[in-house]
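Naming convention: chains lettered A, B, ... in sequence-line order (proteins, then strands); numbering from 1 in each chain. For clarity, every value in this text was computed on a predicted model and none was experimentally measured.
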There are 2 protein chains.
Amino acid sequence: MAVTIKDVAKLANVAPSTVSRVIANNPRISEKTKKKVKEAMRQLGYHPNFIARSLASQSTQAIGLVMPSSADIVFQNPFFSTVLRGLSEGAHVKHYALHMTTGKTDEEIFDGVMQMVQGGRVDGVILLYSKVEDKIQSYLRERNFPFVVIGKPFKNVEEITHVDNDNFRAAKDVTEYLIKLGHQQIAFVGGSLNMVVTVERLLGYEKAIREAGINLVNEYIVHEQFLREGGQEAIRGLLSLERPPTALVVSDDLMALGVLNTLNEIGLAVPEDMSIISFNNVIIAEMSRPPLTSVDINIFDLGFEASRSLIQLIENPKEPVKRIIIPHQIVERSTCAAPNLR
Amino acid sequence: MAVTIKDVAKLANVAPSTVSRVIANNPRISEKTKKKVKEAMRQLGYHPNFIARSLASQSTQAIGLVMPSSADIVFQNPFFSTVLRGLSEGAHVKHYALHMTTGKTDEEIFDGVMQMVQGGRVDGVILLYSKVEDKIQSYLRERNFPFVVIGKPFKNVEEITHVDNDNFRAAKDVTEYLIKLGHQQIAFVGGSLNMVVTVERLLGYEKAIREAGINLVNEYIVHEQFLREGGQEAIRGLLSLERPPTALVVSDDLMALGVLNTLNEIGLAVPEDMSIISFNNVIIAEMSRPPLTSVDINIFDLGFEASRSLIQLIENPKEPVKRIIIPHQIVERSTCAAPNLR
DNA sequence: TTGTAAGCGTTATCAG
DNA sequence: CTGATAACGCTTACAA
């Protein structure tokens with residue numbers, strides 16, 4: 001058995017509760033005994049037992065993370081390393097740890113969340129994504145358990161603290177950017193419509209198109225998985241259109257990479273024959289050839305702020321609901337140009 | 001307060017200990033009471049409290065993860081998303097959760113580990129990397145705390161369970177591959193020599209060079225950070241050599257991407273003017289232009305097996321030390337060719 | 001300022 | 001097969 005508070009108490013000739021107070025840095029304890037106790041802790045190499053503390057205080061200093069299905073390819077997106085970094089730094093500031101379970105199916109994931117929550121393993125939960133109809137969000141809301149979502153909640157936006165980009169605006173921005181370059185045939189290549197982020201970006205795209213008085217072409221809107229193959233399929237379909245687009249708004253960098261490759265194989269030059277602008281600006285955006293013009297959504301901050309606000313919520317349950325919008329900016333690189341008018 | 005074992009006991013008209021037995025699926029309990037208790041649990045929506053259970057049973061069903069510094073760029077490598085996926089799937093099979101703390105400095109990380117371990121937060125620990133002199137490994141060893149490392153321990157290899165690739169062999173393989181293609185001037189671009197993986201790969205490279213009767217040129221060995229800028233620096237130095245290399249062994253895909261870009265800027269063609277082979281085969285290896293010839297080290301398996309073997313170690317402390325070698329294979333794509341003899 | 005003692009929700013050891 | 005009861009290591013009234 002490890003050394004406990006009692007051992008320390010015995011050595012320091014005080015009561016266990018006194019030791020506990022010293023640990024908690026209780027102000028009403030004499031400097032003398034404080035020193036005495038600390039010395040005893042040092043001598044014995046004492047370390048507080050988190051589990052016992054959690055049980056007694058009903059708080060774990062741990063944040064639960066809900067990731068997408070581990071079977072899901074989005075899991076592979078560098079996006080996640082980066083949010084994770086943000087999350088953990090944000091948590092670390094307040095000495096919170098991260099706790100995660102995963103699963104392959106939605107069912108498994110849901111069970112994992114239930115166990116974390118009802119099992120008292122965590123003080124709060126962060127959802128790393130926002131789906132259109134999410135059992136988990138409803139569950140958490142019903143139980144009134146502290147949670148924040150990264151992304152925009154589909155329902156009850158006003159009642160759920162969340163950290164998000166203005167994806168509608170970002171998509172509108174990029175589309176207008178393309179229009180300003182002279183494009184009129186702009187396609188949208190997005191991920192699953194089950195993800196709120198896709199919906200938002202699509203809406204922003206449509207809005208920009210409409211406002212510019214351009215006709216919305218249904219065939220210009222395609223949805224594919226975020227990664228790899230996805231991009232390829234999408235692009236071939238688009239190119240086989242009678243009047244193929246001259247520019248693409250692509251919902252994710254990795255997908256844009258795929259597009260870039262397909263284009264390359266087909267023999268179309270970017271940006272000469274096709275302009276591409278994508279989202280997220282993950283590390284590889286600048287390493288692609290040509291480097292991607294992409295919307296930096298400040299992924300790290302997304303994570304960092306999510307942790308921060310969850311902790312606030314945990315430590316002050318009356319904390320008002322918040323919506324934190326992380327700014328975005330277009331990072332111009334080399335995949336956009338004026339259309340090649342034929 | 002949530003519903004506890006006592007509430008269930010009361011409703012089912014049994015003792016709390018009986019309920020506990022039902023949960024543990026204790027064989028010597030009558031089917032009848034088992035059913036009765038389960039019904040009561042269902043009615044009350046009972047969920048066992050993990051914390052209490054952990055305290056009583058001195059086991060948490062959680063695995064601690066030790067990540068590299070969150071400030072470190074390697075953290076950004078897609079490598080981590082993938083090990084994480086492997087780790088979590090491996091853990092999930094046995095219903096273990098993952099627990100992580102991070103820090104920016106080695107000091108902070110070490111503290112985090114101490115807290116996890118001595119605080120009883122986790123039953124075992126997995127190190128996601130292996131450094132040359134690692135306080136954490138010594139610490140864990142001294143305390144005789146179950147842990148496994150992903151990568152090769154620098155010291156006490158025989159006494160530490162680890163999951164690794166045969167990086168020496170892999171590096172030798174790729175170098176020989178290059179030699180067989182006709183290259184004689186082969187450079188090695190590696191990450192920090194503090195990482196055991198770099199050392200191993202360098203050694204394998206050297207071995208192949210020597211065995212082929214080629215002179216080892218000191219200037220052909222450069223070390224840079226794994227990511228981005230790293231590659232650029234390295235490559236410029238190499239090209240300014242009197243007799244520049246015709247092929248590169250690059251220790252990481254992302255770094256190879258950087259190299260590819262620099263080469264592109266300089267106006268050298270790959271693989272015509274320079275062959276490149278790299279390691280890890282992360283998702284972007286196949287998406288780069290040209291697609292990277294890379295060594296697939298089966299990152300997912302690395303993580304999966306690490307979880308598996310740690311759990312074995314936890315559940316059976318007498319489990320013998322294991323070394324698990326995950327196979328690797330060269331994935332030929334388009335960055336290697338015979339040298340352009342001038 | 002410090003000590004006593006009652007929890008926190010389980011598991012585990014004895015009896016019976 | 002089941003019930004008391006004592007841990008597990010800490011926090012927190014309540015007393016002193």
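Atom C1' of nucleotide dT10(C) and atom CD1 of I23(B) are separated by 8 Å, given to the nearest angstrom. Computed from coordinates, the N26(A) CG to dT2(C) C1' distance equals 10 Å when rounded to whole Å. I5(A) places its CD1 atom 14 Å from the P atom of dT4(C), with the value rounded to the nearest Å.
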Working for side-chain contact (heavy atoms from CB on, under 4.5 Å), residues I23(B) and I5(B)
CA-CA 10 Å; I23(B) 296 171; I5(B) 216 174; 4.2 Å; yes
Using side-chain contact (heavy atoms from CB on, under 4.5 Å), reason through I299(B) and R85(B) one step at a time and then give a plain yes or no.
CA-CA 9 Å; I299(B) 306 179; R85(B) 238 181 75 234; over 6 Å; no
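For K104(B), the NZ atom counts as loosely surrounded, since its 6.0 Å shell holds 12 or fewer non-hydrogen atoms of other residues, nucleotides or ligands. Counting heavy atoms of neighbouring residues, nucleotides and ligands inside a 6.0 Å radius, atom NZ of K94(A) does not exceed 12 of them. Annotation for K322(A): atom NZ counts as buried by contact number, over 12 foreign heavy atoms lying within 6.0 Å.
With sequence neighbours excluded, the residues forming a side chain to side chain contact (heavy atoms under 4.5 Å, CB included) with R308(B) are F304(B), E305(B), Q312(B), listed by chain and number. Residues passing the side chain to side chain contact (heavy atoms under 4.5 Å, CB included) test with L44(A) are V3(A), D7(A), V8(A), L11(A), sequence neighbours excluded. Contacts of N26(A) classified as side chain to side chain contact (heavy atoms under 4.5 Å, CB included), with partners at least two apart in sequence or in another chain: R21(A), R28(A). With sequence neighbours excluded, no residue forms a ring-ring contact (aromatic ring centres under 6.0 Å, His included) with H92(A). Among residues two or more places apart in sequence or in another chain, the side chain to side chain contact (heavy atoms under 4.5 Å, CB included) test is passed with A97(B) by H99(A), T101(A), R121(A).
Side-chain atoms of T102(B) and S70(B) form no donor-acceptor pair, as typed in the model, at a separation below 3.5 Å. When only modelled atom types and interatomic distance are considered, S20(B) and S17(B) share no side-chain donor-acceptor pair under 3.5 Å.
For the OP1/OP2 pair of dG7(C) and a distance below 4.0 Å, the side-chain nitrogens and oxygens of Q58(A) include no atom meeting the criterion. Taking 4.0 angstrom as the limit, S57(A) places none of its side-chain polar atoms (N or O) nearer than this to OP1 or OP2 of dC10(D). OP1 or OP2 of dT2(D) sits under 4.0 Å from a side-chain N or O of T33(B).
Residues from residues 6-20 of chain B placing a heavy atom under 4.0 Å of any atom in DNA chain C, listed by number, are S17(B), S20(B). For the segment residues 115-123 of chain A, no residue has any heavy atom less than 4.0 angstrom from an atom of DNA chain D. Contacts between residues 34-55 of chain A and DNA chain C, counted as heavy-atom distances below 4.0 Å, involve L55(A).
For the atom pair D123(A) CG and I314(A) CD1, the distance stands at 5.0 Å (nearest 0.5 Å).
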Show me the donor-acceptor pairs within less than 3.5 Å that the side chains of residues 135-154 of chain A make with the rest of the protein, sequence neighbours left out.
residue: S138(A); atom: OG; partner: D134(A); partner atom: O; Å: 3.0
residue: Y139(A); atom: OH; partner: Q118(A); partner atom: NE2; Å: 2.8
residue: R141(A); atom: NH1; partner: E159(A); partner atom: OE1; Å: 3.3
residue: K152(A); atom: NZ; partner: E200(A); partner atom: OE2; Å: 3.3

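Contacts classified as salt bridge (Lys or Arg N to Asp or Glu O under 4.0 Å) and involving residues 40-67 of chain B (residues at least two apart or in different chains) are given here: E39(B)-R42(B).
A 4.5 Å side-chain heavy-atom check between S307(B) and L310(B) finds every atom pair outside the cut-off.
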I'd like a table of atom pairs between the protein and nucleotides 14-16 of chain D - only N or O on both sides, under 3.5 Å - with the distance next to each one.
none

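Here dT10(C) is the nucleotide among dT1(C), dC8(C), dT10(C) with the atom lying nearest to any side-chain atom of T4(B).
Five base pairs at each end of the helix from dT1(C)-dA16(D) to dG16(C)-dC1(D) define two local axes, and these are offset by 40° (rounded to 10°).
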